[in-house]
Each structure stands twice: as C-alpha cells, then as structure tokens.
Protein chains: 2
Amino acid sequence: MDEAGFIAALRGLATDPAARGLADDAAVLGDLVFTHDMIVEGVHFLPGDPPGDVAWKLLAVNLSDLAAKGATPIGCLIGYPLGDGAWDHGFVAGLGEALAAFGVALLGGDTVRHQGPRSLGLTAIGRAPIAPSRSGAQPGDRLWVTGRIGAAGIGLELARTGRDGPELAAYRRPQPRLAEGRLLAPIVHAMMDVSDGLLIDAARMAAASGLGVAIALDLVPVCGDPLGAVTAGDDYELLFALPDGIDPPVAATAIGRFAAGAGLTLSDHGRAVPLPDRLGWSH
Amino acid sequence: MDEAGFIAALRGLATDPAARGLADDAAVLGDLVFTHDMIVEGVHFLPGDPPGDVAWKLLAVNLSDLAAKGATPIGCLIGYPLGDGAWDHGFVAGLGEALAAFGVALLGGDTVRHQGPRSLGLTAIGRAPIAPSRSGAQPGDRLWVTGRIGAAGIGLELARTGRDGPELAAYRRPQPRLAEGRLLAPIVHAMMDVSDGLLIDAARMAAASGLGVAIALDLVPVCGDPLGAVTAGDDYELLFALPDGIDPPVAATAIGRFAAGAGLTLSDHGRAVPLPDRLGWSH
C-alpha cells in the first residue's frame with residue numbers, strides 16, 4: 001500500500017459528512033470545526049529553527065485551517081515528543097506566546113519520549129456559524145487571495161542558508177488570517193488556505209469544484225520572483241472564490257477566474273505562460 | 001527542563017477551566033469532551049504487535065478517556081506516520097474495525113513520513129451531559145472498579161514472549177467502558193479510567209481529591225497474581241467513587257474507601273500489606 005492507497009483507504013472509512021471526505025482543510029460538525037496537522041523536523045521545519053518558532057508554527061498552521069473555514073478558535077490539544085531540555089523549554093515559551101497572541105486555550109494533549117526526528121501534532125477546535133468548503137467555486141467566480149505571496153518561501157531560503165532578513169518571520173511565525181476568514185466565510189463560494197503553494201492550492205480548489213481556473217501571474221501580489229513565489233509554500237494566506245462583481249470585505253487581490261472545464265492555466269500580461277514542473281509542495 | 005518541569009510549564013499555559021489543569025482524563029468544554037493520547041512503538045505497544053491491533057488500541061485508549069467522563073464519542077482525528085506498506089494496510093483495516101465496533105466517525109487528521117519508532121496520535125471528541133472529574137471523591141466514599149484487573153498485563157507478557165493465550169486480546173484489543181461510563185457519570189463523585197495500573201491510578205484519584213484511599217487487595221477481581229495485576233497497566237476499566245450505601249448501576253466491585261488524609265494504603269484480608277515499589281506505569 002502506497003501513500004495514495006492509504007489515503008484512499010482512510011477516505012473509505014471517513015464516511016461521515018462531517019469529515020468532508022478528508023478533502024477539506026478541516027472537519028465541520030454542526031458549528032464545530034476540527035483540524036489536526038502535524039509538523040515534522042526536516043520536512044515542515046528545519047532542525048535549526050528556534051523551538052519557540054516551531055511551537056508558533058504548529059499552532060498557526062492549524063489555526064490557518066480554522067481560518068479557512070471562517071472559524072473562531074476555541075482551543076487546542078497537543079501531541080509532543082519530549083527530549084531535549086533546552087529545546088523543550090524554548091518550545092513551551094513559544095507556545096505560550098502563540099496561545100496568547102491568538103487567544104486560544106490549551107485544553108490537553110499528551111507527551112511521549114522523543115526518538116528520531118521530532119514529529120509534533122496539534123488538534124485545533126473552533127466554531128463557525130457557516131463553514132465554506134473548498135469545493136463550491138462556480139463558473140465565472142473570481143479567485144482572490146489575501147496578503148502577499150512568497151515571503152515565507154524567501155524566509156525558508158534565508159533559514160536554510162543561515163542568513164537573516166525580514167522574511168524569516170513570515171516563514172517562522174506565520175499569521176493565520178482568522179479575522180479575514182470570519183468576514184469572508186458567509187459570502188464566499190469556496191475558501192481554503194494557501195499552505196503548499198498558490199498554484200497547487202488553486203488547482204486543488206478548482207479540481208474539488210469540478211472546474212478549471214485561470215490565474216494571471218502579473219496580478220498576484222508577490223515577494224521576489226513571481227514564479228518562485230506562487231510555487232513556494234507556507235504563506236497561510238486565504239484563497240477564495242467570489243461571484244463576479246462582489247468585492248471582499250477584507251484586503252485581498254483578484255488574481256484569476258474559474259470556468260467550466262478542468263485544470264490550471266497561467267498567464268502573464270495576457271500571454272499564456274507554461275506551468276512550472278512543480279506547482280508547490282506535495283508532502 | 002525535565003519532563004516534570006515541561007508538564008508544569010504546560011499546566012501554567014492551560015489556564016482555561018475546560019482544560020481541568022491538564023490533570024484529568026480529558027478536557028471538558030460545555031457538553032464537549034476532548035482527549036488526545038499518543039502511543040509509541042516500544043513504549044505503548046511492541047514492534048511485533050499486529051498493526052490492526054495497534055489501530056484498535058490507539059482508538060480504544062482515547063475512547064476510554066471519554067468513557068471516564070461519561071461521554072458518547074462523536075468522532076476522531078488521527079496523526080499517522082506513513083512508512084511500511086504492509087503495516088499501513090494492516091493498520092487501516094484494524095482502524096476500520098475499531099471505528100465500526102465503537103460507532104465512531106473518522107473526521108480528519110494528517111499523515112507524515114515515518115522515521116524511527118512509530119508514534120501515533122489520536123484526538124477523540126465526545127459529548128457528555130455531565131462529565132465527572134477525577135478529583136471529586138469525598139471522605140467515606142467507596143472506591144469501585146468495573147471488570148477484572150490484570151488480564152492486559154498477562155497479555156503483554158504473552159506478547160513479549162511470543163506466546164498465545166486468551167489474555168492477548170485484553171492487551172491488544174481493549175474494550176473501553178463507554179456504556180458503563182454513561183450510566184455512572186451522573187451519580188459518581190469521581191471517575192477515571194485504569195490505564196497505568198489500579199494502584200497508581202487510585203493513588204492519583206485520591207491525591208486529586210485531597211484524600212487518602214485504602215484498598216483491600218483481596219476484594220479486587222484479578223487475573224493472575226494479585227499484586228502483579230494491580231500494578232499492571234492497560235486494563236481500561238473504570239475506577240470511580242460513590243457515596244457509601246449507593247450501588248452502581250453497572251457490574252462493578254467495591255474495593256476500597258476514601259478517607260481524610262493522604263496516600264494509598266493496601267490490605268489483604270484485613271492485614272496491612274506494604275506497597276510495592278512500583279504502583280504502575282509512569283511513562
């Protein structure tokens with residue numbers, strides 16, 4: 001059984017509508033929203049990343065899933081591999097900062113002895129009166145994105161090469177778009193967070209909606225090289241579909257349009273651009 | 001920072017009353033109950049345990065926490081380390097059996113690449129109209145336990161030594177006492193599950209309640225050697241405090257009594273028995 005087979009088998013078990021076929025950012029049960037994301041040393045963070053920043057990121061990536069469903073966080077439970085005293089101390093300090101910054105209660109969790117690369121899990125729980133899916137985009141909808149894309153990717157390169165710069169914070173201490181998510185949820189046709197890269201995530205929204213999507217690269221607000229930015233991950237901005245003619249109630253940029261069909265197409269100032277080989281991260 | 005220091009620091013962050021000071025089996029927020037327990041290869045299960053049984057156990061140990069709070073399970077989210085195709089296949093098959101057996105919905109989760117010993121996490125969510133704590137025992141309350149203690153400990157020894165026997169199932173496929181927990185929750189003063197050993201868990205209930213507890217070893221329904229049974233773990237029975245004179249509405253045995261003071265005392269047919277050096281598992 002390969003990874004795709006395993007996920008398919010899990011989907012076969014996740015028959016409750018609340019699970020949304022394991023194809024959305026989070027599970028939605030009544031007004032409750034649940035998500036559980038893990039981050040692994042060497043995959044989702046660098047061994048040299050400060051432990052307080054790892055704690056922040058662990059909480060932030062889960063809260064970003066809640067933001068994508070318009071949810072207000074209630075609390076979280078953590079699964080933590082204990083090991084190195086100094087690392088653990090830094091982690092718990094950063095966790096405290098992140099919980100306070102986002103107003104989230106630590107409700108519980110478990111600690112185990114750490115062996116091998118660290119693997120950290122967190123379950124975040126929120127409430128949302130209306131939780132949009134990522135599969136509801138309609139033909140003619142415009143595709144919007146909050147913020148600016150690519151800073152985290154530049155930050156990752158700085159971290160990898162031991163350099164400093166303002167983009168390090170975007171990589172290490174992402175800011176989930178909770179307030180924006182709450183405002184957008186009641187009016188969007190579809191919403192998700194940009195975690196693996198703008199192009200791959202937009203392609204996923206289009207596929208989930210049974211549509212194609214065209215993105216104008218020149219309209220995407222980017223940091224650095226545009227193609228690099230739209231294929232970098234970890235931005236944790238919100239990507240959403242709105243009917244043509246409706247402007248979002250938050251700062252955001254229209255970058256594309258959904259249409260009948262399938263797949264992702266890219267243009268730059270009206271000229272077709274070939275898709276890069278890699279649309280983003282596929283862990 | 002050592003493990004105790006880390007847990008103390010986490011408790012300092014878990015100030016929301018719903019967290020119950022991270023000192024209960026689960027978090028309780030309104031009528032919602034949340035728990036997150038991990039199991040680690042070589043610590044909570046043996047590398048040779050069948051993967052389907054590991055899946056069963058991962059779900060069961062979390063549902064046992066819900067049972068201890070009188071909760072009916074709603075669903076779960078899983079954190080899974082992908083790696084070995086045959087193992088993963090066996091795991092997902094066992095997970096399907098366990099979800100069906102307990103009527104629990106798989107709502108979500110995350111998969112990561114597996115490196116080193118497997119570490120699996122699961123968050124279980126339930127609802128309970130009344131969720132007793134483990135800290136509410138009163139002086140004069142009798143201490144009760146469901147079922148029989150020690151079978152899982154014998155099963156672990158069988159598994160360790162590659163032998164077969166009926167107790168293997170108690171170790172590998174524990175049955176959380178969900179129905180009993182629901183019936184008991186409205187009437188008990190305190191309740192918890194027996195996961196680390198009857199003696200250590202009873203001592204924890206007494207300490208949480210600010211009391212002492214005396215246990216009559218000869219009254220404890222055991223499999224095998226009594227002292228071995230009451231210090232073995234993994235039984236997932238329910239341990240609860242009821243006012244003297246009230247009989248529980250489920251099959252259970254009165255094995256002790258709470259009194260003002262502190263600590264655990266043990267007797268056998270009325271004669272004091274010294275406490276064993278090890279009261280149970282302390283991971």
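Since the structure is predicted, the reported quantities are computational estimates derived from the model, not experimental observations. Reminder, nothing fancy here: chain letters follow the sequence lines and each chain counts from 1.
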- Item | From CA spacing to verdict: salt bridge (Lys or Arg N to Asp or Glu O under 4.0 Å), A/R134, A/D201 | CA-CA 10 Å; A/R134 61 165 69 174; A/D201 286 328; 5.7 Å; no
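Proximity of A/H36 to B/H36: side-chain heavy atoms (C-beta onward) are separated by under 4.5 Å at one or more points.
Considering only heavy-atom pairs separated by less than 4.5 Å from chain B, the leading option among A/V40, A/L10, A/D2 is A/L10. Between chain A and the residues B/L29, B/I7, B/V28, B/V112, the most heavy-atom pairs under 4.5 angstrom are made by B/V112. For the set B/G121, B/G108, B/A105, B/G79, the count of heavy-atom pairs under 4.5 angstrom toward chain A peaks at B/G79. Highest contact tally toward chain B, considering only A/I125, A/T35, A/I39, is held by A/I125 [criterion: heavy-atom pairs under 4.5 Å].
Exactly one residue among B/R173, B/R172, B/K57 makes a salt bridge (charged side-chain N to carboxylate O under 4.0 Å, His left out) with B/D234. That residue is B/K57.
For the atom pair CZ (A/R118) and CG (A/L58), the distance works out to 13.0 Å, reported to the nearest 0.5 Å.
At distances below 3.5 Å, at least one donor-acceptor pair connects side-chain atoms of A/S209 with backbone N or O atoms of A/A137. Although no hydrogens or angles enter the test, the distance criterion places a donor-acceptor pair under 3.5 Å between the side chain of A/R278 and the main chain of A/T231. With A/D31 contributing its side chain and A/A128 its backbone, the two residues share no donor-acceptor pair below 3.5 Å. B/D110 places a side-chain N or O within 3.5 Å of a backbone atom of A/M38 that can act as its donor or acceptor partner. Formation of a donor-acceptor pair under 3.5 Å by the A/T123 side chain with backbone atoms of A/I78 is not found in this model.
When only modelled atom types and interatomic distance are considered, A/D53 and A/Y171 share no side-chain donor-acceptor pair under 3.5 Å.
Contacts of residues 82-99 of chain B with chain A at a heavy-atom distance below 4.5 Å involve B/L82, B/G85, B/D88, B/H89, B/F91, B/V92, B/L95, B/G96, B/L99, listed in sequence order. Of all residues spanning residues 65-77 of chain B, those with a heavy atom less than 4.5 Å away from chain A's heavy atoms are B/I74, B/L77, arranged by number.
For chain B, the nearby parts of A/D37 are the backbone and the side chain; heavy atoms of each come within less than 4.5 Å.
Each ring-ring contact (aromatic ring centres under 6.0 Å, His included) pair with one or both residues in residues 55-79 of chain B, not counting sequence neighbours, appears once here: B/W56-B/F102.
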Anything under 3.5 Å between a donor and an acceptor, one on a side chain of residues 11-23 of chain B, the other on a protein residue two or more places apart or in another chain? List them.
| residue | atom | partner | partner atom | Å |
| --- | --- | --- | --- | --- |
| B/R11 | NE | B/G21 | O | 2.9 |
| B/R11 | NH2 | B/L22 | O | 3.2 |
| B/D16 | OD1 | B/A18 | N | 2.8 |
| B/R20 | NH1 | B/D24 | OD2 | 3.1 |
| B/R20 | NH1 | B/A131 | O | 3.4 |
| B/R20 | NH1 | B/P132 | O | 3.2 |
| B/R20 | NH2 | B/A131 | O | 2.7 |

